[in-house]
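We name chains A, B, ... by the order of the sequence lines, and we start the count at 1 in each one.
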Amino acid sequence: MTAPTVLWLRHDLRLADNPALLAAVDAGAPVVVLYVLDDVTPGVRPLGGASRWWLHHSLTELGDRLARRGGRLVLRRGSGTHVVHEVVAQTGASTVVWNRRYSQGGRAADAGLKESLRAHGVHAESFHANLLFEPWTIQTGAGKPYQVFTPFWRACVNGPPPRDPLPAPKHVPAPADPVASDRLDDWELLPTRPDWAGGLRENWTPGERDARRRLEEFATDTLAAYGLRDEPAREVTSRLSPSLAFGEISPFQIWHRMHEALSTAAHQQRGKFLSEVGWREFHHHVAFHAEDLATVNVRRRFDDFGWETPGDEELDRWRYGRTGIPLVDAGMRELWHTGYMHNRVRMVAASFLVKNLLVDWRVGEQWFWDTLVDADEANNPGNWQWVAGSGADAAPYFRIFNPRAQADRFDRDGEYVRRWVPEVGTGDYPEPMVDLAQSRRDALEAYEQIRR
DNA sequence: TTCGACTTGGT
DNA sequence: CCAAGTCGA
């Protein structure tokens with residue numbers, strides 16, 4: 001009997017381009033493929049509601065794919081560190097492998113685990129899988145982390161190119177004795193009473209297989225029209241963000257596909273699309289070096305900002321799309337219904353909360369965390385801080401989106417707004433909850449205080 | 001130290 | 001036309 005290898009999966013729910021999986025299989029021993037639902041480890045953020053829905057289906061699909069290759073997915077709940085030790089003890093595993101995660105809490109837990117495993121004589125190894133450029137490898141000339149996107153991405157692109165994606169193993173040998181696993185249904189990741197996931201089901205198919213399909217469709221059909229990406233009524237974005245968040249697809253696979261055959265028109269848009277992938281890299285870079293991106297202002301000067309404290313009723317108008325500002329409401333309803341919001345509209349809806357209502361960006365960030373299927377520990381707070389002006393490479397304070405002007409520019413014929421707010425222009429649609437011109441002036445005044 | 005450059009804007 | 005600040009080389 002060979003001692004098995006434990007593969008601990010986290011944000012890498014895929015078989016292709018999975019270095020830790022490949023290493024586990026190549027070791028020649030049976031592989032215990034483990035996923036841990038961890039709501040308890042300090043600094044590891046529990047998934048929000050929409051993400052839990054996605055996770056359920058992604059794990060189901062992964063389990064099926066694994067089974068077709070002879071493997072078996074083992075599910076456990078609790079502290080990741082504790083569970084891994086438990087599984088090692090139960091199986092007599094000699095090796096544990098995983099792909100690196102980059103959040104503060106995740107790194108701390110993994111470093112501690114590596115140390116304690118080695119102290120128990122268990123070999124532990126981590127792999128580079130989920131970012132094109134690991135955060136500590138990109139530095140300014142002065143050896144410091146970047147705080148501005150453009151030079152950061154230039155440094156990435158001008159350095160050694162990302163490796164080619166790795167193949168999926170054809171066979172994943174499971175241990176002869178089955179390892180105890182939770183039943184996925186018992187985790188109750190799907191909503192009941194009420195089941196609010198109907199819009200999610202209509203719009204998404206979680207899992208590696210559909211992620212690959214979306215990438216291929218984007219590369220062959222959609223990328224050529226990516227120049228229209230700012231218009232929310234068009235469907236010209238990749239919609240890969242939730243799959244990237246769960247690691248159903250890797251940035252290496254995306255990068256590589258963008259360097260394969262593309263039409264001339266698509267080729268012209270490639271750099272723009274890859275720079276959006278670059279923003280994901282940038283936010284992870286910033287988060288790696290920041291204190292805690294989801295709670296602490298990158299620009300500490302904002303710590304004294306006098307945010308308003310909104311009532312539940314006011315906040316609910318924003319959350320559920322009843323602000324009386326059509327583009328904001330359209331976006332918030334798209335989010336509530338589908339677990340997703342077009343990027344341009346995210347900026348407008350976030351700007352409205354932070355600048356027109358002067359609500360702390362953390363309040364909006366938490367709502368997005370709970371409702372987005374692509375909620376990401378670095379991207380979500382990083383983008384909210386960017387909008388608020390407290391973040392890295394943030395817009396100047398006096399840049400305040402006007403949601404009406406944004407609608408005129410990017411939804412000129414009102415198609416997107418009508419799709420989500422059909423009653424717009426009728427007596428059923430609410431009056432604006434705030435005067436845009438006055439609240440803009442108030443915001444400029446409030447932000448003026450920060451400058452001192 | 002200097003200096004060019006800087007995702008996404010508004011009136 | 002307006003509106004700074006600061007990053008990075």
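Within the nucleic acid shown, Arg409(A) comes within 4.0 Å of sugar-phosphate atoms alone, with no base atom in reach, counting heavy atoms only. At a threshold of 4.0 angstrom between heavy atoms, the contacts of Pro396(A) include nucleobase atoms, whether or not backbone atoms are also involved. Among the protein residues, Lys272(A) comes within range of the nucleic acid bases, having at least one heavy atom under 4.0 Å from a base atom.
Atom CG in Leu444(A) sits roughly 11 Å away from atom C1' in dT11(B) (whole-Å rounding). Atom CG in Asp408(A) sits roughly 14 Å away from atom C1' in dT11(B) (whole-Å rounding). Here the P atom of nucleotide dG9(B) and the CZ atom of Arg399(A) are 7 Å apart, to the nearest Å. The interatomic distance linking Lys144(A) (NZ) with dC7(C) (C1') rounds to 12 Å, in whole Å. Rounded to an integer number of Å, the gap from Asp393(A) CG to dA4(C) C1' is 14 Å. Separating the CD1 atom of Ile400(A) from the C1' atom of dC2(C) is a distance of 13 Å, rounded to the nearest angstrom. Ile138(A) places its CD1 atom 19 Å from the P atom of dC7(C), with the value rounded to the nearest Å. Protein atom CZ of Phe401(A) is 16 Å distant from nucleotide atom C1' of dT11(B), rounded to whole Å.
At dT6(C), one or more side-chain N or O atoms of Arg301(A) fall inside 4.0 Å of OP1 or OP2 (strictly under the cut-off). Contact between the side-chain N/O atoms of Gln139(A) and the OP1/OP2 oxygens of dG8(C) is not found at any separation under 4.0 Å. Asn402(A) has a side-chain polar atom (N or O) that falls below the 4.0 Å cut-off from OP1 or OP2 of dT11(B). In this model, the phosphate group of dA9(C) is approached by a side-chain N or O of Tyr146(A) to a distance below 4.0 Å at OP1 or OP2. The side chain of Arg440(A) places no N or O atom within less than 4.0 Å of a non-bridging phosphate oxygen (OP1 or OP2) of dG10(B). Phosphate contact (OP1/OP2 of dG9(B), side-chain N/O of Gln406(A), threshold under 4.0 Å): present.
When Watson-Crick and G-U wobble pairs are counted only if both distances are under 3.5 Å, dG8(C) pairs with dC3(B). Searching all strands for a Watson-Crick or G-U wobble partner of dC2(C) with both distances below 3.5 Å returns dG9(B).
Checking dT8(B), dT6(C), dC6(B) against every side-chain atom of Arg299(A), the shortest atom distance belongs to dT6(C). Out of dC7(C), dG9(B), dG10(B), the shortest distance to the side chain of Arg344(A) is found at dG9(B).
Using modelled atom types, one finds a donor on one side chain and an acceptor on the other under 3.5 Å when comparing Thr41(A) with Asp38(A). Side-chain atoms of Asn99(A) and Trp8(A) include no donor-acceptor pair closer than 3.5 Å.
Taking atom P on both dC1(C) and dC6(B), the two are 22 Å apart, rounded to the nearest angstrom. Nucleotides dG4(B) and dA4(C) are separated by 15 Å at their C1' atoms, to the nearest Å. For the P atoms, the distance from dA3(C) to dA5(B) is 22 Å, rounded to whole Å.
A cation-pi arrangement is present between Lys355(A) and Tyr447(A) under the rule of less than 6.0 angstrom and at most 45 degrees off the ring axis. With a 6.0 Å cutoff to the six-membered ring centre and a 45° limit on the axis angle, Arg346(A) counts as a cation-pi contact of Tyr340(A).
In terms of heavy atoms, Thr205(A) sits closest to Asp210(A) at O-CB, 3.2 Å.
With Phe133(A) as reference, Pro162(A) is the one residue of Pro160(A), Pro251(A), Pro162(A) to meet the side chain to side chain contact (heavy atoms under 4.5 Å, CB included) rule.
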